[in-house]
Structures are given as structure tokens and as C-alpha cells.
Amino acid sequence: MPTTNAQLAAIFHQMADLTEITGGNRFKVNAFAKSGRVLEDMTKQVSEIDPALLPKVEGIGKGTAERIAEFLETGQIADHQKLLAQVPSGLLKVMDVPGLGPKTVALLWNEVGIESIDDLKAKIETGELEALKGFGKKKIENILKNLKFAESAGDRQRIGLAYALAIMLIEDLKDLPSIEKIEYAGSLRRGKETIGDVDILVASSGTDEQKKAIFDAFVNHVAVADVIAHGDTKASVRTHEESKGMQVDLRVVAPENFGAALMYFTGSKEHNVKMRERAIAQGMSLNEYSLSKDGEPIAGATEEDVFAAMNLAWVAPELREDRGELALAESDELPKLLELADIKAELHSHTTASDGRWSIEENALGAAGRGFHTVAITDHSKGQAQANGLSEKRLVQHIEAVRKVAKKLEGTITVLAGSEVDILADGSLDYDDDLLAELDIVVASPHAALTQDPAKATKRLLKAIENPYVTIVGHPTGRIVNRREGLSPDMEAIFKAAKDRGIALEINASPYRLDLRDTHARTWVQEYGGKLAINTDAHSEDHLNNLRFGVVTARRAGATTDDVVNTMSKSTLAKWIKSTRP
DNA sequence: GCCGTTTTCGGCCCGACTGTTTTCAGTCG
């Protein structure tokens, strides 16, 4: 996300929090938060959008448009500054402590003068909090526990970790008697790159006794460190450090409610709000149990039932972000999203020649084992010395070795000799064109100088895209989820140039990368009609399992099989690669 | 503050769990 959009998004989120603490209009709070969310999702720099069109963007009205203009002109927003002046800055951190919301924080501030986390700790120590109305022993104990957690735990975790945790729990619970269905929901099901907590939903028509057994198994699971809540229909736990202390919520519902519950817990929250408003407009009401009319349930067993009863096509979870999906569902114009099984080629993978942990042949057979018709061996170029990148001389030998394996495996899988060639800081590539011409396919990726400013980054990537031998730009921004921001180039300029060249931009499927990210991929596909390449960047067999994360990211972008080069038939793919080269 | 095929004014989603309550407010998702 470009810096300005990120700054603005943060300001609007903060205005929402501050307005909440000061007891402002709660609908205004929602509106501020919505503006923040919309800004986060934008690919285009807000400064490049015609100010007259800005209020037309859903979630941004006259007020927000004016504030954005004010920020672009002066670098700050007066209303934001006014709110900041009213509320001690440390209070916002206090609100981040789980269990402490705006009402409690305001009370702590107004009644005992707590203005920061340190104040909170001190007042608990002196026992002043116990005198407050509504503050019992248990509540204070919980605050202490949550303070500790807030200090040690990170925010959201990468999807790879959350997915592994969810699958482990589901595997360990699914055979309990009376469990009819069990699925993960939440942002994990929507395929977001990071997950706040894991939601697991169970359908059961079992006895109270059997349901109790399900919850008992859950809260006593070996991965569980702490039980946060444990009721008759719902339990929440915190996991051990191996799973980064992630929170997991388990919910058990009757089978006739499973679909409505799955929708509810899959979210997003914003999508759900739109669905409920829509139900009301149609004279019905929707909750996590069913869609009902005049108090009588009319749908709930499956998601399809509920959507159909509201005259909507079923919306894939990845699209449930309140980005216009309901309008498309109403007119039955939702894209037919690509599926994991549609992927038939891996176009970016490594071997022991550079930093992979498997041979050329193991790699090729691994890809063949997944049902792929083509694999490209793309080891690192010489600039990646720490990854044992190939010198020109070694690359020539490597090409030979790949061709030998290719010949041996003829009829099993097509093996392409390629390279993941470094895009150097100035945009030149790490090998000369003469050498690149010898390869079947070139993935060009940035690896170093990932903190350069946006203007330089844009120039750098544009120069690489101009190279006639580049077929795919690999992990275009070089970001690492939750760790490194990576490049923030002018994505629109990149898209335009890549589209003109007819090359593909990669969604690197590693849960550490997911680069392009969903919002970029969405613009690339929806607005430019650009081609995506979804690659695992496999350094070993198990990395091929990451493909699912690349696919859900592409699905979040609304991508169909037509948008993704890895879904092409063998001959079409070969033709397409040729078409990108001189 | 945002929004509109019942609306440019007057609405704006819904339920479980907890802790502290003796009937409910706050938080969370």
C-alpha cells in the first residue's frame, strides 16, 4: 500500500478509536473505520484520484473526501488533531488490551485518571481499581492476564501458521461422536494473508452430553495453553507458543443452522452487515442460525440455501469483503474463480544448484506428482551469493543438466530451463541478454535494495519489465508478510508496462511472501486484464503445498482460470511463453 | 459520517459470554 494511503488509513482508524473513547456518535465511529478500511484496500494512490470522483467511492463521502484533500495539502487533518488533543495518546494502547473497550477505557480515564498502560499497571498495584464500580476481583485478574498477553503476543499471524493449526485441530476433533460437519471459518476461510484468530465450526445434533464432550476435547487439546471462555455453544482458547498464542474459537450448532453459522463466522463483518441489511430490506432477518421471515426460519442448513433465499448466487468466501460482491451475486455476474486443481504448472522453483534442497529430477518428479504438465527450474542468479546463485559459467552447465533431465522425463513432464534472475537496484538484470536468450523462461525478481524509495523502485521494475527476455516478474515488491514492507512502487505504472509487454506478474504462494498481494492482484486482473503466474518458489517438495495460499490470494483478486498462466494447457503455455520473447 | 428501486432525512446487525449484576452493560466477533 502506498505510504499516503497507509497514513490516511491509520488516521481514520485512529479517529474511530478516539471518537469512541470520547463517547461520540457510534455510527460516526463506524464510518471512520470504514473509510480507513477502504483506504487500506486501494491500489491507486489517493492523490492520483480525481477529487471529484473520490466521494463516489463506497464508504467515502463528502466529509472523508474533504479530510483526504486536507491531508494531501497540509499533511494533517484538523479534526484528527482536535481528537488527539482531547485524549491522552497512551489511552489508545490501553484499548488494545483484550477485554478493554472504549467504555471501560473512558471510565478508567475519567474516574481514576489512567492515561497509559503503565498507569493501568500502577493503579492495579495500589488496589485503586477495586474501588471502581463494576471492577471485581475476576475482572482485574483478567486485565492482568491480558496485559501480559498483549505484551508478548504479536498481532495477526501468517496464514500458513493459522492453516496448519486449524487443520491439526480439525483432524483431532472430527472423529468425535456426534460431529457431523467441521470446518474452519473466519478470515482463514476467506484466505486473508494474516489471521487474527482461528474459527472452527461444528455441526452436531448430539445430546448435551456429547456436545460437552466436544468442548472438553477442544479445551483440553494439547495445543491449548489457556481457556478464555467455555460455554454451552462456544469456547475460546489461547494456544501455546508453538502456535504463537493464537486464539481459537469453537462453535457448535445444529445441522439445520450450519450454513447460516458458517456464513456468519466466515464474515467478513462488513459483508455480514450488508447481508443483514439486505435481509431486512427484503422483509426478512438473518442471524447466525437462519434466515427467517415473520420469526419462521426459511433457510439455514447450507450457505447456498441462504443466498438463494435472498435471490443471490453463492458468493465464494474469498470475495466476502464488501467490495461489490453482492451486486455481482444479484445479477449472477460473479467470476468463476480458479481452483487449486486448475493449476497445471510450476514456473518458479529451485534446486540444490542454488539454495534448493532437492535435485532437478526430484523437483521435476515432485511437480509431476502433483499432476503438473510443466515445471520450470529457476535457480538464483549470481547476485544472490548467499543463496549460492549461479555464475554465468555454472548457469551454462546447469542448463545442460536441466536439459538432460528434461529429455529423460519426456512424456512425464515438460522441464524448462530457466532462471530466477535478480533485478538489480538499478533495474538491470543479473545476466546479459545473450545468456538469458539461452533459457526457456526467465523469472525476474527483486531481492536486494528493498528499502529504496518508491520513485527508484518504480524505475527499477519498469526497466526490468522492458527487458525482452523477462516472462514473469517474481514477487514484485519483495515484501515479507509481517516482517518487511518491501518496495512500494507506483503499481499502476508497473501494471501498464507489464500489460503492454504481455508478461505475467507473480503471486508468490509462499505464506511469507504472497506477493503480489490480494489487492494488487485484484487491480491487475480486474482493471488491466493482466495475467497472473501463481508459483510456489519451491525449494523442496513440501513447498508445493503452499500453492493453496497463492490460489486463495488469486481468488481474492477475483481471478478465473483465464487470468492465470499456470492453468494453461501444455501447448498453450509454451506458446504464451514464446509470445513474450523476441 | 454514509447512504438511497419504499428514503436527501432518519435510519444505521445480532447474539454469546463474562463479570458483575438482581436484570444488565460491555466486549467481541
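As the structure is a computational prediction, the values presented were derived from the model and not from experiment. In the text below, chain A, chain B and the rest are named by the order of the sequence lines, each starting its count at 1.
Remark: Asn142(A) is in phosphate contact with dG19(B), judged by side-chain N or O atoms under 4.0 Å from OP1 or OP2. Put simply, Ser236(A) has no side-chain N or O that comes within less than 4.0 Å of OP1 or OP2 on dC17(B).
Set against dC12(B), dC2(B), dA16(B), the side chain of Phe27(A) has dC12(B) as its closest nucleotide. In this structure, the nucleotide among dC14(B), dC17(B), dT20(B) sitting nearest to the side chain of Lys234(A) is dC17(B). Listed candidates were dT20(B), dC14(B), dT27(B). Nearest to the side chain of Lys138(A) is dT20(B). Taking only side-chain atoms of Thr104(A), from C-beta outward, the nucleotide of dG26(B), dC14(B), dA16(B) with the closest atom is dG26(B). Among the nucleotides dG19(B), dG1(B), dT27(B), the one closest to the side chain of Lys103(A) is dT27(B). Of the candidate nucleotides dC17(B), dG19(B), dC14(B), dC17(B) has the atom nearest to the side chain of Ala229(A).
With both ends at atom P, the span from dT20(B) to dT27(B) equals 14 Å, rounded to whole Å. With both ends at atom C1', the span from dA16(B) to dG10(B) equals 30 Å, rounded to whole Å. Between dT18(B) and dT23(B), the two C1' atoms lie 15 Å apart (nearest whole Å). Spacing of P atoms, dC14(B) relative to dT21(B), comes out at 30 Å, to the nearest Å. The P atoms of dG1(B) and dT6(B) are separated by 28 Å, rounded to the nearest whole Å.
Note on Lys62(A) versus Glu66(A): salt bridge recorded, some NZ/NE/NH1/NH2 to OD/OE distance being below 4.0 Å. Between Arg37(A) and Glu270(A) there is a salt bridge, with a side-chain nitrogen of the basic residue lying less than 4.0 Å from a carboxylate oxygen of the acidic one.
For Leu108(A) and dG26(B), the CG to C1' distance is 12 Å, given to the nearest whole Å. The CG-C1' distance, from Leu107(A) to dT20(B), rounds to 13 Å in whole Å. As rounded to whole Å, 11 Å separates atom C1' of dC28(B) from atom CG of Asp199(A). Atom CZ in Arg26(A) sits roughly 13 Å away from atom P in dA25(B) (whole-Å rounding). Atom CG in Asn30(A) sits about 13 Å away from atom C1' in dG11(B), given to the nearest Å. The separation between Phe12(A) atom CZ and dC2(B) atom C1' is 13 Å, rounded to whole Å. Asp96(A) has its CG atom 13 Å from the P atom of dT27(B), to the nearest Å. In this structure, Asp249(A) places its CG atom 18 Å from P of dG15(B), rounding to the nearest Å.
Here Asn272(A) lies out of heavy-atom contact (under 4.0 Å) with every strand. At the heavy-atom level, Thr64(A) lies under 4.0 Å from the strands shown only through sugar-phosphate atoms. Across all strands shown, Lys139(A) has heavy atoms under 4.0 Å from sugar-phosphate atoms exclusively, and none from any base. Within 4.0 Å (heavy atoms only), Arg278(A) reaches no atom of the nucleic acid at all. Counting any heavy atom pair closer than 4.0 Å across all strands shown, Arg251(A) reaches sugar-phosphate atoms only and no base atom. When heavy atoms are screened at a 4.0 angstrom cut-off, Phe135(A) is found touching the sugar-phosphate backbone but no base atom.
Using cut-offs of 30° and 60° on the angle between ring planes, the pair Phe32(A) and Phe12(A) is tilted. Using cut-offs of 30° and 60° on the angle between ring planes, the pair Phe215(A) and His230(A) is tilted.
Residues passing the side-chain contact (heavy atoms from CB on, under 4.5 Å) test with Glu171(A), sequence neighbours excluded: Ile167(A), Lys174(A).
When the nearest nucleotides of DNA chain B are assigned to Lys133(A) and Gly231(A) by heavy-atom distance, the more 5′-ward of the two goes with Gly231(A). Nearer to the 5' terminus of DNA chain B, by closest-nucleotide assignment, is the contact made by Asp232(A) (compared with the other of Gly136(A) and Asp232(A)).
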- Going through the distances and angles, do Thr207(A) and Glu209(A) end up as a side chain to side chain donor-acceptor pair (under 3.5 Å)? CA-CA 5 Å; Thr207(A) 60; Glu209(A) 200 74 5; over 6 Å; no
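Between Val551(A) and the options Ile507(A), Asn546(A), Leu340(A), a side chain to side chain contact (heavy atoms under 4.5 Å, CB included) holds for only Leu340(A). Shown are Ile11(A), Ile49(A), Ile60(A); of these, the side chain to side chain contact (heavy atoms under 4.5 Å, CB included) with Ile68(A) is made only by Ile60(A). Screening Glu321(A), Glu318(A), Glu193(A) for a side chain to side chain donor-acceptor pair (under 3.5 Å) with Arg556(A), the sole residue that qualifies is Glu321(A).
How far CG of Asp96(A) is from CG of Asn146(A): 12.0 Å, rounded to the nearest 0.5 Å.
For dT7(B), the O4'-C1' to base torsion is within 90° of 0; the nucleotide is therefore syn.
With a cut-off of 3.5 Å on both Watson-Crick or G-U wobble distances, the partner of dT8(B) is given as none.
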N/O to N/O distances under 3.5 Å, protein versus nucleotides 3-5 of chain B:
{"residue": "dC3(B)", "atom": "OP1", "partner": "Gly59(A)", "partner atom": "N", "Å": "2.6"}

